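Report on the structure given below.
Please read these numbers as outputs of a predicted model, since none were measured by experiment. Computed over heavy atoms, backbone and side chain alike; hydrogens, waters and symmetry mates excluded. Reminder, nothing fancy here: chain letters follow the sequence lines and each chain counts from 1.
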2 protein chains.
Amino acid sequence: MASPVSIPTRLGWPGQQEADLRIHNAKLKLTRPRIALARLLFSKGDRHFCAEQLHEEVLASGVEMSLATVYNTLRSFCEAGIIRVLPIGGKPAYFDTDVSDHQHFYIEGKADFINTGRLRVSDLPELPAGMEVVKVDIVIRLKPSPKA
Amino acid sequence: MASPVSIPTRLGWPGQQEADLRIHNAKLKLTRPRIALARLLFSKGDRHFCAEQLHEEVLASGVEMSLATVYNTLRSFCEAGIIRVLPIGGKPAYFDTDVSDHQHFYIEGKADFINTGRLRVSDLPELPAGMEVVKVDIVIRLKPSPKA
DNA sequence: ATTTGTGCAAATCGTTTGCATCTGA
DNA sequence: TCAGATGCAAACGATTTGCACAAAT
């Protein structure tokens with residue numbers, strides 16, 4: 001029996017196809033950079049990262065790739081819905097491999113994100129007529145509290 | 001009796017010092033670009049705008065000023081706390097002259113912001129130890145609902 | 001075959017900075 | 001007086017794009 005995804009043997013398969021299945025399920029072609037990045041992103045659990053970090057990681061893993069390609073690949077992953085951009089509009093964009101409905105604490109300055117789980121908003125006024133909610137972004141910004 | 005702010009007569013004062021008082025109260029020097037921008041921003045109520053829009057407006061009002069100066073001035077207004085940046089991390093930053101505790105509906109695509117008033121978040125887990133909340137940013141993204 | 005991606009240099013574009021000069025307090 | 005601002009050209013830095021080439025289905 002062939003596995004559901006035909007794997008190009010020349011890429012040297014180590015075993016865990018989990019990451020590769022995600023690419024396939026997202027209806028994206030199984031290409032070298034996508035495979036390399038997906039393995040870094042999806043082999044451990046939830047990850048928060050920016051493009052440059054990931055670029056360094058992928059280079060360190062022995063796969064050559066320009067930063068532009070990392071950006072392009074991350075964009076295709078976002079469009080496919082297998083990762084998302086975190087709603088902290090800062091200069092380097094941060095991404096999240098967890099695309100479930102959840103929000104974050106964010107430690108100001110550091111790129112440190114802590115999942116708050118699903119939150120609820122109350123006291124919401126009526127929506128403007130003819131509109132519907134696409135998404136609710138919440139960021140709870142934290143700082144170290146001065147010790148008493 | 002002199003008014004609390006000594007007004008440089010050469011600037012040609014039309015009357016309403018409201019905007020200028022805000023600059024003064026923010027402990028900023030009353031300078032030509034600050035006065036011109038503050039008047040555009042604070043003479044009517046709540047305003048949502050980006051730097052480029054405001055630049056066009058100020059030029060149209062007959063005051064010469066480069067876009068860089070608009071940016072620099074807006075930055076000083078933000079630091080002084082008399083305006084704030086809206087938490088929709090997009091490319092042109094949007095600003096709000098209403099610095100009170102409130103959140104927004106945001107119509108995707110258009111730069112259209114609707115004040116939701118003060119919202120409350122529930123189901124919030126405990127804060128990480130030693131941290132305190134600086135600010136809570138909420139953006140409720142809307143789109144036109146397909147008519148039935 | 002033919003679409004879909006790669007790969008990267010160069011372009012883009014909002015925003016910041018450097019610095020000589022000016023000015024409000 | 002003189003700290004603090006202006007004013008703008010040039011720098012910046014994250015992201016996108018253009019396009020010739022390569023690879024997946």
Point to revise | Separation of atom NZ in A:Lys29 from atom C1' in C:dT2, rounded to whole Å | key: 9 Å
Check your understanding: What's the CD-C1' distance between B:Glu64 and D:dA5, to the nearest Å?
Key -> 18 Å
Practice item. Whole angstrom is fine here: how far is it from CD in B:Gln53 over to C1' in C:dG14? Key: 14 Å
Exercise for review: Would you indicate, yes or no, if C:dT6 has its OP1 or OP2 atom less than 4.0 angstrom from a side-chain nitrogen or oxygen of A:Thr31?
Suggested key: yes
Exercise for review: Calculate the interatomic distance between B:Phe77 atom CZ and D:dA5 atom P; express it in whole Å.
Suggested key: 11 Å
Check your understanding: Could you write nucleotides 11-16 of chain D as a row of B, S and -, 5' to 3', where a protein heavy atom under 4.0 Å of any base atom gives B, of only sugar-phosphate atoms gives S, and otherwise -?
Key -> ---SBB
Check your understanding: Taking B:Arg47 for the side chain and B:Leu40 for the main chain, is one N or O donor matched with an acceptor at less than 3.5 Å?
Key -> yes
Exercise for review: Say whether B:Asn72 and B:Arg75, considering side chains only, have a donor N or O and an acceptor N or O under 3.5 Å apart.
Suggested key: yes
Practice item. For the residue pair A:Asp112 and A:His48, confirm or rule out a side-chain donor-acceptor distance under 3.5 Å. Key: no
Practice item. May I ask you to check whether A:Ser76 and A:Thr73 show a side-chain donor-acceptor distance below 3.5 Å? Key: no
**Study point:** Gap between atoms CG and C1', on A:Asp20 and D:dT25 respectively (whole Å)
**Key:** 17 Å
Review point. Between A:Arg32 and C:dG7, is there a side-chain N or O to OP1/OP2 distance below 4.0 Å?
Key: yes
Point to revise | Length of the CG-P vector between A:Leu74 and C:dG5, whole Å | key: 15 Å
Review point. Are the side chains of B:Phe77 and B:Leu41 in touch, meaning some heavy atoms are under 4.5 Å apart?
Key: yes
Practice item. In whole angstrom, give the distance that lies between atom CD of B:Glu79 and atom P of D:dA5. Key: 10 Å
Exercise for review: Only counting residues at least two apart or in another chain, list the ones meeting side-chain contact (heavy atoms from CB on, under 4.5 Å) with A:Asn115.
Suggested key: A:Asp46, A:Asp98, A:His102
Exercise for review: Nearest whole angstrom, please: distance from the P of C:dG5 to the CD1 of A:Ile35.
Suggested key: 13 Å
**Study point:** Toward the 5' end of DNA chain D, by each residue's nearest nucleotide, B:Ser66 or B:Lys27
**Key:** B:Lys27
Check your understanding: For B:Leu86, which fellow cluster members are found when Ile, Leu, Val, Met, Phe, Trp and Tyr are connected by side-chain heavy-atom distances below 4.5 angstrom, either directly or through intermediates?
Key -> B:Ile88, B:Tyr94, B:Tyr106, B:Phe113, B:Val139
